[in-house]
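Data block below; observations after.
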Amino acid sequence: MAKILVATEKPFAAIAVKGIREVVEQAGDELVLLEKYTEKAQLLDAVKDVDALIIRSDKVDKEVLDAAQQLKIVVRAGAGYDNVDLDAATAHQVCVMNTPGQNSNAVAELAFGMMVMAVRNFYNGTSGTELKGKKLGIHAFGNVGRNVARIAQGFGMEVYAYDAFCPKEVIEEAGVKAVDSAEALYETCNIVSLHIPATAETKNSINAALVGKMPKGGILVNTARKEVINEAELIQLMEERTDLKYLTDIMPAANDEFTAKFAGRYFSTPKKMGAQTAEANINAGIAAAHQIEGFLKEGIEKFRVNK
Ligand code: NAD
(Lines give C-alpha, C1' and ligand atoms only; values in the text may rest on other atoms or scores of the structure.)
Protein backbone atom coordinates (compact mmCIF):
# COMPACT_ATOMS: atom_id res chain seq x y z
CA MET A 1 0.00 0.00 0.00
CA ALA A 2 1.47 3.33 -1.04
CA LYS A 3 1.24 6.38 1.20
CA ILE A 4 0.27 9.57 -0.57
CA LEU A 5 0.65 12.94 1.14
CA VAL A 6 -1.26 16.06 0.24
CA ALA A 7 0.93 18.90 1.58
CA THR A 8 -0.73 22.27 1.10
CA GLU A 9 0.04 25.51 2.90
CA LYS A 10 -3.10 26.77 1.20
CA PRO A 11 -5.41 23.77 1.28
CA PHE A 12 -7.60 22.43 -1.49
CA ALA A 13 -11.35 22.86 -1.07
CA ALA A 14 -12.82 20.08 1.05
CA ILE A 15 -14.66 18.67 -1.97
CA ALA A 16 -11.36 18.36 -3.85
CA VAL A 17 -9.75 16.49 -0.95
CA LYS A 18 -12.77 14.18 -0.90
CA GLY A 19 -12.25 13.46 -4.62
CA ILE A 20 -8.52 12.87 -4.15
CA ARG A 21 -9.24 10.50 -1.26
CA GLU A 22 -11.69 8.50 -3.37
CA VAL A 23 -9.15 8.03 -6.17
CA VAL A 24 -6.38 7.04 -3.76
CA GLU A 25 -8.48 4.68 -1.63
CA GLN A 26 -10.13 3.03 -4.62
CA ALA A 27 -6.62 2.21 -5.81
CA GLY A 28 -5.95 0.58 -2.41
CA ASP A 29 -3.60 3.28 -1.15
CA GLU A 30 -3.52 5.53 1.89
CA LEU A 31 -4.02 9.30 1.88
CA VAL A 32 -2.51 11.57 4.53
CA LEU A 33 -2.94 15.32 4.82
CA LEU A 34 -0.68 18.15 5.92
CA GLU A 35 -2.74 21.29 5.50
CA LYS A 36 -2.11 24.90 6.50
CA TYR A 37 1.39 24.10 7.74
CA THR A 38 3.38 27.10 8.85
CA GLU A 39 6.91 25.72 9.34
CA LYS A 40 9.11 23.93 6.85
CA ALA A 41 9.98 21.47 9.65
CA GLN A 42 6.39 20.18 9.52
CA LEU A 43 6.77 19.41 5.83
CA LEU A 44 10.17 17.78 6.36
CA ASP A 45 8.64 15.54 9.01
CA ALA A 46 5.52 14.68 6.99
CA VAL A 47 7.41 13.60 3.85
CA LYS A 48 9.65 11.11 5.68
CA ASP A 49 7.72 7.95 4.84
CA VAL A 50 5.54 8.87 1.87
CA ASP A 51 5.70 7.40 -1.64
CA ALA A 52 3.97 10.26 -3.39
CA LEU A 53 3.32 13.92 -2.78
CA ILE A 54 0.62 16.25 -4.06
CA ILE A 55 1.39 19.96 -3.67
CA ARG A 56 0.05 23.31 -4.86
CA SER A 57 2.42 26.31 -4.62
CA ASP A 58 4.38 24.56 -1.87
CA LYS A 59 8.15 24.58 -2.22
CA VAL A 60 9.87 21.25 -2.78
CA ASP A 61 13.60 21.86 -2.65
CA LYS A 62 16.66 19.67 -2.07
CA GLU A 63 16.11 19.68 1.69
CA VAL A 64 12.57 18.34 1.30
CA LEU A 65 13.76 15.72 -1.20
CA ASP A 66 16.61 14.69 1.15
CA ALA A 67 14.05 14.16 3.91
CA ALA A 68 11.71 12.16 1.67
CA GLN A 69 13.61 8.89 1.43
CA GLN A 70 10.69 6.83 0.01
CA LEU A 71 9.43 9.48 -2.38
CA LYS A 72 8.90 8.41 -5.99
CA ILE A 73 6.70 11.13 -7.40
CA VAL A 74 5.67 14.74 -6.76
CA VAL A 75 2.67 16.17 -8.57
CA ARG A 76 2.12 19.90 -8.59
CA ALA A 77 -1.65 20.32 -8.86
CA GLY A 78 -1.52 23.22 -11.30
CA ALA A 79 0.45 24.37 -14.31
CA GLY A 80 3.56 26.23 -13.09
CA TYR A 81 6.15 24.04 -11.37
CA ASP A 82 8.95 26.49 -10.64
CA ASN A 83 8.36 25.79 -6.93
CA VAL A 84 9.95 22.35 -7.40
CA ASP A 85 13.73 21.91 -7.74
CA LEU A 86 13.70 19.71 -10.83
CA ASP A 87 17.43 18.98 -10.86
CA ALA A 88 17.36 17.87 -7.23
CA ALA A 89 14.30 15.71 -7.95
CA THR A 90 16.08 14.08 -10.89
CA ALA A 91 19.15 13.48 -8.70
CA HIS A 92 16.86 11.81 -6.15
CA GLN A 93 15.16 9.78 -8.91
CA VAL A 94 11.85 11.42 -8.13
CA CYS A 95 9.41 11.97 -10.98
CA VAL A 96 7.87 15.45 -11.07
CA MET A 97 4.60 16.15 -12.89
CA ASN A 98 2.19 19.04 -13.23
CA THR A 99 -1.49 18.85 -14.17
CA PRO A 100 -1.63 21.00 -17.28
CA GLY A 101 -4.94 22.26 -18.52
CA GLN A 102 -6.97 21.65 -15.38
CA ASN A 103 -7.21 25.29 -14.36
CA SER A 104 -6.89 26.88 -17.78
CA ASN A 105 -10.50 27.95 -18.19
CA ALA A 106 -10.47 29.56 -14.74
CA VAL A 107 -7.39 31.61 -15.62
CA ALA A 108 -8.76 32.53 -19.03
CA GLU A 109 -12.03 33.77 -17.53
CA LEU A 110 -10.11 35.94 -15.07
CA ALA A 111 -8.17 37.48 -17.96
CA PHE A 112 -11.50 38.55 -19.47
CA GLY A 113 -12.65 39.95 -16.14
CA MET A 114 -9.58 42.16 -16.25
CA MET A 115 -10.06 43.10 -19.90
CA VAL A 116 -13.63 44.26 -19.30
CA MET A 117 -12.48 46.18 -16.23
CA ALA A 118 -9.79 47.91 -18.30
CA VAL A 119 -11.95 48.92 -21.25
CA ARG A 120 -14.67 50.18 -18.85
CA ASN A 121 -12.11 52.46 -17.20
CA PHE A 122 -11.99 50.51 -13.95
CA TYR A 123 -15.72 51.18 -13.47
CA ASN A 124 -15.05 54.83 -12.66
CA GLY A 125 -18.36 56.04 -14.02
CA THR A 126 -17.03 57.26 -17.38
CA SER A 127 -17.87 55.86 -20.79
CA GLY A 128 -15.54 53.08 -21.92
CA THR A 129 -15.24 50.90 -25.00
CA GLU A 130 -16.26 47.35 -25.90
CA LEU A 131 -14.11 44.32 -26.50
CA LYS A 132 -16.06 43.41 -29.65
CA GLY A 133 -14.06 44.21 -32.76
CA LYS A 134 -10.85 44.90 -30.82
CA LYS A 135 -7.60 43.10 -31.61
CA LEU A 136 -6.53 40.70 -28.90
CA GLY A 137 -2.99 39.33 -28.87
CA ILE A 138 -2.46 36.04 -27.08
CA HIS A 139 1.18 35.77 -26.06
CA ALA A 140 1.70 31.99 -25.92
CA PHE A 141 -0.87 29.56 -27.24
CA GLY A 142 -0.78 26.87 -24.55
CA ASN A 143 -3.60 25.59 -22.39
CA VAL A 144 -4.63 28.98 -21.02
CA GLY A 145 -4.00 30.81 -24.29
CA ARG A 146 -6.32 28.41 -26.16
CA ASN A 147 -9.12 29.00 -23.68
CA VAL A 148 -8.60 32.74 -24.02
CA ALA A 149 -8.93 32.37 -27.80
CA ARG A 150 -12.19 30.43 -27.45
CA ILE A 151 -13.73 33.03 -25.15
CA ALA A 152 -12.42 35.96 -27.23
CA GLN A 153 -14.23 34.60 -30.26
CA GLY A 154 -17.46 34.69 -28.25
CA PHE A 155 -16.79 38.35 -27.47
CA GLY A 156 -16.38 39.02 -31.20
CA MET A 157 -12.72 40.02 -30.94
CA GLU A 158 -10.15 39.73 -33.72
CA VAL A 159 -7.74 37.21 -32.26
CA TYR A 160 -3.99 36.98 -32.89
CA ALA A 161 -1.42 34.76 -31.23
CA TYR A 162 2.32 34.26 -31.02
CA ASP A 163 3.91 31.14 -29.59
CA ALA A 164 7.61 30.32 -29.89
CA PHE A 165 6.99 26.59 -30.11
CA CYS A 166 3.40 25.90 -31.10
CA PRO A 167 3.10 25.31 -34.88
CA LYS A 168 1.30 28.08 -36.77
CA GLU A 169 -1.16 25.55 -38.22
CA VAL A 170 -2.40 24.67 -34.72
CA ILE A 171 -3.05 28.35 -34.02
CA GLU A 172 -4.78 28.92 -37.34
CA GLU A 173 -6.93 25.79 -36.96
CA ALA A 174 -8.41 27.46 -33.87
CA GLY A 175 -9.51 30.39 -36.04
CA VAL A 176 -6.71 32.60 -34.69
CA LYS A 177 -4.23 34.62 -36.78
CA ALA A 178 -0.68 33.43 -36.08
CA VAL A 179 2.03 36.11 -36.15
CA ASP A 180 5.76 35.54 -36.53
CA SER A 181 7.11 37.34 -33.49
CA ALA A 182 6.19 38.81 -30.13
CA GLU A 183 7.01 42.23 -31.60
CA ALA A 184 4.43 41.77 -34.35
CA LEU A 185 1.82 40.77 -31.77
CA TYR A 186 2.34 43.88 -29.62
CA GLU A 187 2.47 46.15 -32.67
CA THR A 188 -0.84 44.78 -33.94
CA CYS A 189 -3.01 44.36 -30.88
CA ASN A 190 -5.06 46.70 -28.66
CA ILE A 191 -4.91 44.21 -25.81
CA VAL A 192 -2.21 41.63 -25.12
CA SER A 193 -2.90 38.76 -22.75
CA LEU A 194 0.23 37.09 -21.42
CA HIS A 195 0.40 33.31 -21.13
CA ILE A 196 4.11 32.50 -21.34
CA PRO A 197 5.79 30.39 -18.66
CA ALA A 198 8.64 31.78 -16.55
CA THR A 199 11.78 30.36 -18.16
CA ALA A 200 15.36 31.57 -18.49
CA GLU A 201 14.35 32.96 -21.87
CA THR A 202 11.11 34.67 -20.82
CA LYS A 203 12.19 36.21 -17.49
CA ASN A 204 12.21 40.01 -17.77
CA SER A 205 11.36 39.65 -21.46
CA ILE A 206 8.22 41.80 -21.30
CA ASN A 207 10.10 45.06 -21.41
CA ALA A 208 9.65 48.62 -22.59
CA ALA A 209 10.85 47.88 -26.13
CA LEU A 210 8.11 45.27 -26.53
CA VAL A 211 5.16 46.83 -24.67
CA GLY A 212 6.08 50.22 -26.13
CA LYS A 213 5.12 48.85 -29.56
CA MET A 214 1.46 48.69 -28.57
CA PRO A 215 -0.90 51.12 -30.26
CA LYS A 216 -2.41 54.05 -28.34
CA GLY A 217 -4.60 52.90 -25.47
CA GLY A 218 -2.83 49.53 -25.25
CA ILE A 219 -3.77 47.18 -22.43
CA LEU A 220 -1.46 44.49 -21.05
CA VAL A 221 -3.07 41.72 -19.01
CA ASN A 222 -0.83 39.34 -17.10
CA THR A 223 -2.23 36.14 -15.67
CA ALA A 224 1.06 34.30 -16.27
CA ARG A 225 3.99 35.05 -13.97
CA LYS A 226 5.44 38.23 -12.48
CA GLU A 227 9.01 37.21 -13.32
CA VAL A 228 8.39 37.69 -17.03
CA ILE A 229 7.80 41.41 -16.55
CA ASN A 230 10.69 43.86 -16.51
CA GLU A 231 9.02 45.96 -13.82
CA ALA A 232 11.44 48.88 -13.81
CA GLU A 233 11.08 49.32 -17.57
CA LEU A 234 7.30 48.93 -17.48
CA ILE A 235 7.04 51.63 -14.82
CA GLN A 236 9.19 53.98 -16.87
CA LEU A 237 7.21 53.23 -20.00
CA MET A 238 3.86 53.83 -18.28
CA GLU A 239 5.18 57.17 -17.01
CA GLU A 240 5.99 58.16 -20.59
CA ARG A 241 2.92 56.55 -22.17
CA THR A 242 -0.02 57.68 -20.05
CA ASP A 243 -2.38 55.82 -22.39
CA LEU A 244 -1.16 52.35 -21.36
CA LYS A 245 -2.88 50.13 -18.79
CA TYR A 246 -1.49 47.14 -16.92
CA LEU A 247 -3.63 44.58 -15.10
CA THR A 248 -2.13 41.60 -13.38
CA ASP A 249 -3.06 38.56 -11.36
CA ILE A 250 0.48 38.29 -10.03
CA MET A 251 1.28 41.22 -7.81
CA PRO A 252 4.53 42.87 -8.90
CA ALA A 253 7.40 43.31 -6.44
CA ALA A 254 6.92 47.04 -7.12
CA ASN A 255 3.16 46.96 -6.44
CA ASP A 256 3.29 50.04 -4.19
CA GLU A 257 5.02 52.07 -6.89
CA PHE A 258 2.61 50.89 -9.60
CA THR A 259 -0.36 51.69 -7.33
CA ALA A 260 0.91 55.15 -6.41
CA LYS A 261 1.87 56.18 -9.92
CA PHE A 262 -0.83 54.68 -12.10
CA ALA A 263 -4.19 55.13 -10.39
CA GLY A 264 -6.93 54.19 -12.84
CA ARG A 265 -4.46 52.46 -15.15
CA TYR A 266 -3.08 49.71 -12.96
CA PHE A 267 -4.71 46.84 -11.11
CA SER A 268 -3.41 43.79 -9.30
CA THR A 269 -5.39 41.09 -7.55
CA PRO A 270 -4.39 41.00 -3.87
CA LYS A 271 -3.07 37.48 -4.38
CA LYS A 272 -2.93 35.14 -7.34
CA MET A 273 -6.55 34.25 -8.09
CA GLY A 274 -6.49 32.84 -11.63
CA ALA A 275 -6.88 29.23 -10.60
CA GLN A 276 -8.98 29.99 -7.53
CA THR A 277 -12.24 28.45 -8.58
CA ALA A 278 -14.01 25.46 -7.12
CA GLU A 279 -13.86 23.76 -10.51
CA ALA A 280 -10.13 24.28 -11.07
CA ASN A 281 -9.33 23.20 -7.54
CA ILE A 282 -11.25 19.96 -7.90
CA ASN A 283 -10.01 19.23 -11.42
CA ALA A 284 -6.32 19.73 -10.60
CA GLY A 285 -6.40 17.81 -7.31
CA ILE A 286 -8.20 14.83 -8.77
CA ALA A 287 -5.99 14.83 -11.87
CA ALA A 288 -2.95 14.78 -9.56
CA ALA A 289 -4.33 11.73 -7.72
CA HIS A 290 -5.03 9.90 -11.00
CA GLN A 291 -1.54 10.72 -12.31
CA ILE A 292 0.06 9.38 -9.13
CA GLU A 293 -1.90 6.13 -9.28
CA GLY A 294 -1.13 5.78 -13.00
CA PHE A 295 2.56 6.25 -12.26
CA LEU A 296 2.75 3.98 -9.22
CA LYS A 297 0.64 1.16 -10.67
CA GLU A 298 1.41 1.33 -14.39
CA GLY A 299 4.52 3.48 -14.75
CA ILE A 300 2.66 6.12 -16.80
CA GLU A 301 4.85 9.20 -17.07
CA LYS A 302 2.59 11.49 -19.09
CA PHE A 303 3.01 15.07 -17.84
CA ARG A 304 6.46 14.34 -16.38
CA VAL A 305 8.41 17.60 -16.38
CA ASN A 306 11.86 16.48 -15.19
CA LYS A 307 14.29 14.06 -16.79
P1 NAD B 1 1.27 25.75 -21.13
O2 NAD B 1 2.53 25.04 -20.81
O3 NAD B 1 0.08 24.97 -21.54
O4 NAD B 1 1.55 26.81 -22.30
C5 NAD B 1 2.67 27.63 -22.33
C6 NAD B 1 2.91 28.01 -23.77
O7 NAD B 1 3.98 28.94 -23.79
C8 NAD B 1 3.31 26.86 -24.68
O9 NAD B 1 2.45 26.79 -25.80
C10 NAD B 1 4.73 27.21 -25.10
O11 NAD B 1 5.03 26.80 -26.41
C12 NAD B 1 4.72 28.71 -24.96
N13 NAD B 1 6.03 29.32 -24.79
C14 NAD B 1 7.06 28.89 -24.03
N15 NAD B 1 8.09 29.74 -24.12
C16 NAD B 1 7.70 30.74 -24.96
C17 NAD B 1 8.33 31.90 -25.43
N18 NAD B 1 9.58 32.21 -25.09
N19 NAD B 1 7.64 32.70 -26.27
C20 NAD B 1 6.38 32.39 -26.65
N21 NAD B 1 5.73 31.28 -26.23
C22 NAD B 1 6.39 30.47 -25.39
O23 NAD B 1 0.96 26.68 -19.86
P24 NAD B 1 -0.46 27.27 -19.43
O25 NAD B 1 -1.17 26.28 -18.59
O26 NAD B 1 -1.13 27.82 -20.62
O27 NAD B 1 0.01 28.44 -18.46
C28 NAD B 1 0.50 29.66 -19.01
C29 NAD B 1 1.02 30.56 -17.92
O30 NAD B 1 -0.03 30.83 -16.98
C31 NAD B 1 2.16 30.00 -17.08
O32 NAD B 1 3.06 31.05 -16.79
C33 NAD B 1 1.51 29.56 -15.81
O34 NAD B 1 2.42 29.56 -14.76
C35 NAD B 1 0.46 30.63 -15.66
N36 NAD B 1 -0.66 30.25 -14.81
C37 NAD B 1 -1.15 31.17 -13.96
C38 NAD B 1 -2.21 30.86 -13.14
C39 NAD B 1 -2.79 31.88 -12.24
O40 NAD B 1 -3.31 31.51 -11.21
N41 NAD B 1 -2.77 33.15 -12.61
C42 NAD B 1 -2.74 29.57 -13.17
C43 NAD B 1 -2.26 28.67 -14.11
C44 NAD B 1 -1.22 29.02 -14.93
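These values consider heavy atoms only, across backbone and side chains, with no hydrogens, waters or symmetry-generated copies. When a ligand or atom number is given, it counts from 1 through the structure's own listing order. Values in this document were obtained by computation on a predicted structure and should not be read as measured data.
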Next on the checklist: Is the ring pair Y186/H139 parallel, tilted or perpendicular, if the boundaries are 30 and 60 degrees?
Outcome noted: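 Correct class here is perpendicular.
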Next on the checklist: Side chain or backbone, does A198 bring an N or O within less than 3.5 Å of an N or O on ligand 1?
Outcome noted: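 By distance alone, the answer is no.
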Checklist entry - Does R225, backbone or side chain, put an N or O under 3.5 Å from an N or O of ligand 1? => result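 For ligand 1, there is an N or O atom that lies under 3.5 Å from one belonging to R225.
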So which protein heavy atom does [atom] come closest to, and at what separation?
atom	answer
atom 8 (C) of ligand 1	D163 OD2, 3.4 Å
atom 20 (C) of ligand 1	A164 N, 3.2 Å
atom 27 (O) of ligand 1	V144 CG2, 3.7 Å
atom 28 (C) of ligand 1	H195 O, 3.2 Å
atom 37 (C) of ligand 1	T223 O, 3.0 Å

Does ligand 1 have a heavy atom under 4.0 Å from the side chain of [X], from its backbone, from both, or from neither?
X	result
V107	side chain
N103	side chain
N143	both
A79	side chain
D249	side chain

Checklist entry - Should we count NZ of K10 as having more than 12 external heavy atoms under 6.0 Å? => result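 Not more than 12 within 6.0 Å, no.
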Checklist entry - Counting only heavy atoms not in E130, do more than 12 fall under 6.0 Å of its CD? => result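 Result for CD/E130: open.
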Checklist entry - What's the verdict on side chain to side chain contact (heavy atoms under 4.5 Å, CB included) for Y266 and N255, showing C-alpha distance, side-chain angles and the deciding distance? => result CA-CA 9 Å; Y266 165 74; N255 178 56; 2.7 Å; yes
Next on the checklist: Looking at ligand 1, would G78 count as a contact under a 4.0 Å heavy-atom criterion?
Outcome noted: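 No heavy atom of G78 comes that close to ligand 1.
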Item to check | Contact with ligand 1 for P197, non-hydrogen, under 4.0 angstrom | outcome: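 A heavy atom of P197 does come that close to ligand 1.
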Checklist entry - side-chain hydrogen bond (donor to acceptor under 3.5 Å, both in side chains) between D66 and H92: does it pass, once the steps are laid out? => result CA-CA 8 Å; D66 282 342; H92 284 75; 2.7 Å; yes
Checklist entry - Taking N98 for the side chain and Y81 for the main chain, is one N or O donor matched with an acceptor at less than 3.5 Å? => result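 Answer holds: no.
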Checklist entry - Which of these, R21, K3, K297, sits in a salt bridge (Lys or Arg N to Asp or Glu O under 4.0 Å) with D29? => result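 With D29 as partner, salt bridge (Lys or Arg N to Asp or Glu O under 4.0 Å) holds for just one option, K297.
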Checklist entry - Is atom 40 (O) of ligand 1 less than 4.0 angstrom from some protein heavy atom? => result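 It does; a protein heavy atom is within 4.0 Å.
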Checklist entry - Given the protein's heavy atoms, is any one of them under 4.0 Å from atom 23 (O) of ligand 1? => result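 For atom 23 (O) of ligand 1 the answer is no, since every protein heavy atom stays at 4.0 Å or beyond.
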